[in-house]
Amino acid sequence: MSIMPNIIHWFRRDLRLADNPAFTAASQVSQGAVVPLFILDDNVLQSSRTSAARVVFMLESLRALDASLRAHGSRLIIRHGSPEQCIAQVIDETDAVGVYWNRDYSPFARQRDTIIEKMLRGRGVDVHTHKDAVIWEIDEILTKNNTPYTVYTPYARQWRARVEANPVLLAEAVLPGLQPVPDTLSSSAIPLAAELGFATQQLLPSGGEQVGLEQLNTFVHAQNAPGIHGYAEQRNFPAKPGTSRLSPYLRFGCIAPQTCLRAAHKAGFQQHGSETWVGELAWRDFYYQILYHFPHVLQRSFKSDYDKIEWDNNEVFFAAWCEGRTGYPIVDAAMRQLTAEAWMHNRARMIVASFLTKDLLIDWRWGERYFMQQLVDGDHASNNGGWQWAAGTGTDAQPYFRIFNPISQSEKFDLQGDYIRHYVPELQHVSASYIHTPWNMSQELQRQVGIHIGRDYPMPIVDHAMQRQRALELYKRARAE
Ligand SMILES: Cc1cc2nc3c(=O)[nH]c(=O)nc-3n(C[C@H](O)[C@H](O)[C@H](O)COP(=O)(O)OP(=O)(O)OC[C@H]3O[C@@H](n4cnc5c(N)ncnc54)[C@H](O)[C@@H]3O)c2cc1C
C-alpha cells in the first residue's frame, strides 16, 4: 500500500505519452504514482470485426509505450480480461483514488465507459475524462438550432473557423516527471499476436509513438516526396506516395490529431496542401460526430429509404471482390493492396466501395465488415462514413445516380497503370493503352505480352454499363417504396 494517493490512467486508443491530455492531467494532479494501465479486452479481441493487422500494430505500439514509460521511470501495467474487473482489481491493489481516460465515441466504447464510470463512482473513486481523439468534440460544432450537422461543408466551415480562432488548442500538453508504480504491482507480459490467436504475413507499418511522430515530420518537411505541400495535387493518385499514411497512428492514438494540426499550422494553414490535409482531419471528426449522434448507422443506412434496396448479394462475386479477381484491374489492384498491406489508398477505397455496391449490387455492410476485418487503420466511424458515402446511403453521400466508372477512374488516377502493375503482376507487361481494359487486347497482343485473359487474369465478372442501369433501378425503386 502506498502513502501518497495513486491515480490510474487507463490507456485505450491513446497509445502515446506526448500531447496526451488525460495522462498529462493525471500526472499533474497525482501526489503518488500514475499507474499506466492497458487492458486486453476479450470483447474487442474476439469480435468478428477485429483484424490481425490491428492487433499486431497495437501490440507493437504497446511495447513502444512501455519502453517510453520505462525511460521516464515508470512502466505499463497490462491486464487481460474484462475492463470492469481489471480496473476494480488494480484499484484494490494500488488504493487509487482516481481513474483518468481519454474519451471514445463508438456506441460500444460509450456503453463500456458508462458502466465503468458508474462502478467507480459507486466506490467513491474519481473519474476524469478528456477530449483527445478528435479536434472538436461531438457537441462543439452544432448548427444554429443546436442540432448535429449532417452535411460536411457547413460543418467543416465552422470546424475551421474555430481552429483558426482558438490558438489554445494548439498549445502542447507538457508531461511532468513520473513517479514509479509500486514494485508489487503485477503486469502480464505484452503478448505476441500469435498468443492471442492472430497471425498475418502482411507488410505492416511499425507501431508506436516515435514512428508516428517521425512519419508526421517526414510528411510535413518532405524534401523528396510530395508531402503536405504537394498533398492537394498528389493525394488522388494511388501509385504516388502523396498522402501521410498516418491513419493507423491516428487510429491507435500513437499520434494525436492535435499534434497533426499543430504541424500543419506550422507548415502554414493557408498553404493549399496544408489546408486540404487539415480538411481530412475535419472529415475524421465529422464521422465521429455522426456515429455519436446517429449510432444506428452501424446497422442501417443513415437514410432509411435505402434500407429497402434489394441487393443481389452474390457470394461468388463477393469472394472475387475480396480476392482481387473481378477482371477490373484498378479494383483488383486495390483489393490486393488491402490483402498485402492491410491498408488501401483513399481513392482506391472509394473505387472498390462503389464497385461492390453499384456494380456487384452487394450490400455496403458486407464491404464495411470486410474492411474492418482487414484494415490496420480500421475505425468504425471513418469506415462506416466512407462506405455509406460511396454507397450513396449516408449523410453527406454522393447522390445515388453518380456512379463511379471503374475504367475512367482507373484512366484518370492511374493513367500509366503503375499502381495496377505493382499489385497485379499478371498484367505487368500490358501497355498503358490496355492496362485499364486488358480484355480489349487482341489474341495476338495477349500472346505477345504473355497473358491469356480469361485464363491468367479474369474477364470482367460483370458488365459495368449493364450493372449501372440495374443499380439505378434498384436505388430508384427503394426510394419510391
Ligand atoms: C470506403 C472507405 C472506408 C474507409 N475506412 C477508413 C477506416 O476504417 N479508417 C480510417 O482511418 N479511414 C478510413 N477511410 C478514410 C481514408 O481512406 C483513410 O483515412 C486514408 O486513406 C488514410 O490514409 P492517410 O493516412 O495517408 O490519409 P491522409 O490523406 O494523409 O489524411 C490524414 C488523416 O486524415 C484522416 N482521413 C483522411 N481521409 C479521411 C476520410 N475520408 N474520412 C475520415 N478520415 C479521413 C485519416 O485519419 C488520415 O490518416 C475510408 C474511406 C473510404 C472511402
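Counting convention: from 1, in listed order, for ligands and their atoms alike. Computed from a predicted structure; not experimentally measured.
Taking only non-hydrogen atoms, the option from Phe286, Trp343, Trp277, Phe371 nearest to atom 31 (O) of ligand 1 is Trp277. Taking all heavy atoms of Arg349, Arg251, Arg347 into account, the minimum distance to atom 20 (C) of ligand 1 is reached by Arg349.
The protein heavy atom nearest to atom 29 (O) of ligand 1 is Tyr231 OH, 2.5 Å. Closest protein heavy atom to atom 45 (C) of ligand 1: Glu280 O, 3.7 Å. Nearest protein neighbour of atom 5 (N) of ligand 1, counting heavy atoms only, is Asn383 OD1, 3.1 Å. Scanning the protein for heavy atoms near atom 12 (N) of ligand 1, the closest one is Ser382 CB, 3.6 Å. Protein heavy atom closest to atom 2 (C) of ligand 1, with residue, atom name and distance, is Gly386 CA, 3.7 Å. Nearest protein heavy-atom neighbour of atom 30 (O) of ligand 1: Ser244 OG, 2.6 Å. Among all protein heavy atoms, the one lying closest to atom 15 (C) of ligand 1 is Asn346 OD1, 3.9 Å. When only non-hydrogen protein atoms are considered, atom 8 (O) of ligand 1 lies nearest to Asp379 N, 3.0 Å.
Near Leu246, meaning under 4.0 Å from any of its heavy atoms, are these atoms of ligand 1: 25 (O), 49 (O). Below 4.0 Å from some heavy atom of Arg245 lie the following atoms of ligand 1, by number and element: 24 (P), 25 (O), 26 (O). Of all atoms in ligand 1, listed by their number and element, those nearer than 4.0 Å to a heavy atom of Leu250 are 33 (C), 47 (O), 49 (O). Against a heavy-atom cut-off of under 4.0 Å, Arg284 is close to the following atoms of ligand 1: 43 (C), 44 (N), 47 (O). For ligand 1 and Leu375, the ligand atoms under 4.0 Å from any heavy atom of the residue are 8 (O). Taking every heavy atom of Gly378 and a limit of under 4.0 angstrom, the matching atoms of ligand 1 come to 8 (O).
At under 3.5 Å, a nitrogen or oxygen of Asp377, whether backbone or side chain, sits near a nitrogen or oxygen of ligand 1. Inclusion of Tyr287 in the set of residues having an N or O under 3.5 Å from an N or O of ligand 1 is not warranted. Inclusion of Thr243 in the set of residues having an N or O under 3.5 Å from an N or O of ligand 1 is warranted. Residue-to-ligand polar distances place Ser247 within reach of ligand 1: an N/O pair is separated by less than 3.5 Å. Between Met350 and ligand 1, not a single N/O pair is under 3.5 Å apart.
Side-chain contact check for Asn102 and His130: no donor-acceptor pair (N or O, by modelled atom type) lies under 3.5 Å. A donor-acceptor contact closer than 3.5 angstrom links the side chains of Gln202 and Thr200. Side chain to side chain, Tyr105 and Glu137 meet the donor-acceptor criterion of an N or O pair below 3.5 Å. With 3.5 Å as the limit, one finds a donor-acceptor pair spanning the side chains of Tyr288 and Asp379. Side chain to side chain, Ser51 and Gln373 fail the donor-acceptor criterion of an N or O pair below 3.5 Å.
Using cut-offs of 30° and 60° on the angle between ring planes, the pair Trp283 and Phe286 is perpendicular.
Figure legend: Arg365 and Trp387 shown without cation-pi pairing, the cationic atom not lying both under 6.0 angstrom from the six-membered ring centre and within 45 degrees of its axis. Geometric assessment of Arg110 against the ring of Tyr292 yields a positive cation-pi assignment under the 6.0 Å and 45° thresholds. Annotation: cation-pi pair Lys358/Phe401 absent, no NZ/CZ under 6.0 Å from the ring centroid and within 45° of its normal. By the 6.0 Å and 45° rule, Arg336 does not stack over the aromatic ring of Tyr423. Remark: Lys240 is positioned above the aromatic ring of Phe237, its terminal NZ or CZ atom under 6.0 angstrom from the ring centre and at most 45 degrees off the axis.
At a 4.0 Å cut-off, not a single heavy atom of Phe219 sits close enough to ligand 1 to count as contact.
A side chain to side chain contact (heavy atoms under 4.5 Å, CB included) with Phe38 is found for exactly one of Ile78, Ile190, Asp66, Leu65, namely Ile78.
Met58 is listed as a side-chain neighbour of Leu15, based on a closest heavy-atom distance under 4.5 Å.
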